[in-house]
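See structure below.
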Amino acid sequence: MFKRIPGTKDILPDEASLWQNIEESARKIFSLYNYREIRVPVIEEESLFNRSLGQSSEIIQKQMFLIRHQNDVYALRPEGTAGIVRSYIENNLDKKESFAKLYYIGPMFRLERPQKGRLRQFHHIGCEAIGSGCASLDIEIISLADRLLKGFCVEGYKIKINSLGCAKDKKELTVVLHKGLKNKLDKLCLDCNTRFKVNILRILDCKNDQCREVVKGLNIHEEYLCPDCKRHFEIVLKGLDLVNIKYEVSPYLVRGLDYYTRTVFEITHEELGAQDALGAGGRYDNLVKELDGPEMGAVGFAFGVERLLLVARCAPHAGKSLVYFIPLGDEARKEALKLLEDLRANAIACDMEYEGKSLKGAMRKANDLQAKVVLILGEDELKKNVVTLKDMVSGEQREIKKEDLVAELKK
Ligand code: AMP
């Protein structure tokens with residue numbers, strides 16, 4: 001028997017309906033904010049991600065699914081932003097509509113050690129607003145993230161926010177960290193010792209208690225921000241207050257990818273345990289240019305769907321009311337096929353007993369399927385040109401002329 005690959009998941013029909021709810025709710029909320037869907041390939045050139053995410057990022061260092069083909073190396077996308085920016089530039093959207101609000105829903109791939117909340121194929125619901133550096137857009141996008149969570153009936157989440165500043169400020173922060181930490185390396189964990197050499201900013205959000213203590217001792221606040229970035233951050237925070245969004249300024253929040261600048265945020269939920277991030281995002285004002293497009297600001301975020309489902313509390317929508325046919329005998333089955341066609345042409349969801357069950361067995365099946373109406377078609381009914389309709393809610397049963405069936409069911 002074949003088994004699925006570790007870190008992947010089968011989404012079986014019962015669960016798939018929850019996914020549909022989440023996706024449907026997300027689409028509605030995205031359109032409230034005037035975002036439009038974009039679908040890009042799940043496979044891109046490896047170099048796109050190398051250039052976007054940064055050589056020293058954990059994803060590039062050890063989590064890429066690579067496919068070698070002749071002289072090319074392709075990668076399964078580990079995240080959505082790089083491919084969308086590539087598409088935005090390649091399809092000249094910068095010239096056609098310059099400011100674009102885009103959303104996406106789809107699978108991402110990272111070669112991680114599988115554990116609860118950490119898969120090798122997982123799914124993002126995310127968005128990108130490309131073409132503006134306006135601080136109001138940061139506020140809007142955090143409001144959008146918040147509204148999505150409310151739409152999914154998630155409660156008890158925390159929005160943490162920070163500003164990394166512009167590229168210059170990030171360099172400045174790197175220097176501050178370098179100076180502050182170079183004599184404290186023996187107090188940092190092994191990973192942070194590596195980070196010190198390759199990606200020093202990541203030391204800030206190490207979860208190790210001792211590393212946290214050392215970092216706290218550095219007393220880093222916003223002093224590395226230039227006046228423009230400081231102002232931008234103030235506008236964002238004031239705007240969030242204005243629209244009543246609760247947040248926590250978290251001076252040690254950094255994101256794992258090189259492209260982030262200025263506002264970064266992360267949304268966590270205690271119930272998720274060790275992997276507590278539901279979603280994250282921020283500004284990436286230099287990425288479009290770095291991928292050979294024009295200079296323009298951009299901001300985005302992504303939620304992990306698998307983690308959303310662990311904390312979403314919405315009951316699934318009531319299923320479409322189903323009509324279930326029980327034909328008794330071959331002639332009845334033929335007749336039922338015709339009637340099924342008729343009902344479906346009239347947008348009435350219906351199905352038929354296909355396993356040759358007895359009437360009793362078929363009724364049990366109708367119950368399992370939560371059918372609202374059962375239609376029984378036996379020899380008697382065929383002779384009289386009627387079907388027997390059983391209302392599964394009231395239990396009432398009556399004969400209906402075939403030609404009246406559609407109108408009756410539409411009631
Ligand atoms: P990131 O791009 O790493 O900031 O991811 C955004 C969100 O995707 C995270 O907050 C998680 O909810 C989700 N996520 C990231 N990596 C994984 C993974 N390996 N398995 C499941 N969900 C993930």
Side-chain angles (χ1 to χ4, degrees), residues 11 16-42 77 79-89 91 93-94 96-108 122-155 157 159 161 236 239-240 243-245 247 255 260 263-267 269 277-284 287-288 296-317:
I11 301 160
S17 64
L18 296 174
W19 283 68
Q20 286 165 2
N21 290 351
I22 290 252
E23 288 167 8
E24 200 183 308
S25 164
R27 286 178 202 285
K28 278 195 195 135
I29 292 167
F30 279 129
S31 74
L32 285 181
Y33 287 72
N34 199 26
Y35 280 73
R36 293 188 302 151
E37 186 173 8
I38 182 164
R39 301 186 190 201
V40 295
V42 297
R77 63 179 184 192
E79 55 98 63
T81 308
I84 289 172
V85 173
R86 192 263 316 131
S87 170
Y88 175 83
I89 299 167
N91 294 293
L93 296 190
D94 54 319
K96 286 184 203 144
E97 46 187 309
S98 74
F99 180 52
K101 283 175 151 185
L102 309 165
Y103 80 85
Y104 59 97
I105 299 178
M108 306 292 156
F122 58 99
H123 296 75
H124 270 170
I125 289 181
C127 65
E128 316 292 346
I130 308 175
S132 166
C134 178
S136 305
L137 192 60
D138 307 33
I139 301 160
E140 189 191 79
I141 215 158
I142 294 172
S143 138
L144 167 55
D146 183 68
R147 197 163 298 282
L148 281 168
L149 289 175
K150 292 197 170 104
F152 306 147
C153 307
V154 180
E155 281 171 9
Y157 53 88
I159 304 177
I161 185 168
V236 174
L240 291 175
V243 295
N244 272 327
I245 290 181
Y247 58 83
R255 308 283 310 122
Y260 284 112
T263 314
V264 286
F265 62 96
E266 186 173 73
I267 302 179
H269 199 295
L278 267 177
R283 275 210 161 269
Y284 49 95
L287 184 62
V288 184
M296 51 170 60
V299 56
F301 68 78
F303 281 118
V305 182
E306 287 78 0
R307 293 192 197 170
L308 282 174
L309 283 166
L310 292 173
V311 291
R313 295 280 176 266
C314 281
H317 298 318

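Position 1 is the first residue of the sequence; numbering continues from there. These numbers come from a predicted model, not from an experiment.
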| Stepwise, does the side chain to side chain contact (heavy atoms under 4.5 Å, CB included) test hold for Tyr284 with Val85? | CA-CA 11 Å; Tyr284 49 95; Val85 173; 3.9 Å; yes
Compare every heavy atom of [Y] with every heavy atom of [X], then report the nearest pair and how far apart it is.
X	Y	value
Pro41	Arg86	CD-NH2, 3.6 Å
Ile89	Asp94	O-OD1, 4.2 Å
Arg307	Ala277	NH1-O, 2.8 Å
Arg255	Phe265	CD-O, 4.1 Å
Val236	Ile139	O-CG1, 3.7 Å
Ala129	Leu137	CB-CD2, 3.7 Å

Is the closest side-chain heavy-atom distance between [X] and [Y] below 4.5 Å?
X	Y	result
Arg27	Ile105	yes
Val40	Arg77	yes
Phe301	Ile267	no
Leu309	Trp19	yes
Met296	Ile130	yes

| field | Enclosure of Glu155 CD (heavy-atom neighbours >12, cutoff 6.0 Å) | value | no
How long is the straight-line distance from [atom2] of [Y] back to [atom1] of [X], given to the nearest 0.5 Å?
X	Y	atom1	atom2	value
Ile245	Ile161	CD1	CD1	9.5 Å
Arg36	Phe30	CZ	CZ	14.5 Å
Thr81	Tyr88	OG1	OH	14.0 Å
Tyr103	Ile125	OH	CD1	9.5 Å
Leu240	Ile142	CG	CD1	5.0 Å
Leu308	His124	CG	NE2	10.0 Å

Kindly write out the residues that satisfy side-chain contact (heavy atoms from CB on, under 4.5 Å) with [X], not counting sequence neighbours, or none if the list is empty.
X	result
Ile29	Ser25, Tyr33, Leu144, Arg147, Leu148
Ala16	Ile11
Ala82	Leu48, Phe49, Ser52, Glu79

| message | Using side chain to side chain contact (heavy atoms under 4.5 Å, CB included), reason through Glu140 and Lys101 one step at a time and then give a plain yes or no. | response | CA-CA 12 Å; Glu140 189 191 79; Lys101 283 175 151 185; 2.8 Å; yes
| query | Checking side-chain contact (heavy atoms from CB on, under 4.5 Å) against Arg283, which of Val264, Ile141, Val299 comes through? | reply | Val299
| said: Would Leu310 and His269 count as a side chain to side chain contact (heavy atoms under 4.5 Å, CB included) here? Give the steps. | reply: CA-CA 10 Å; Leu310 292 173; His269 199 295; over 6 Å; no
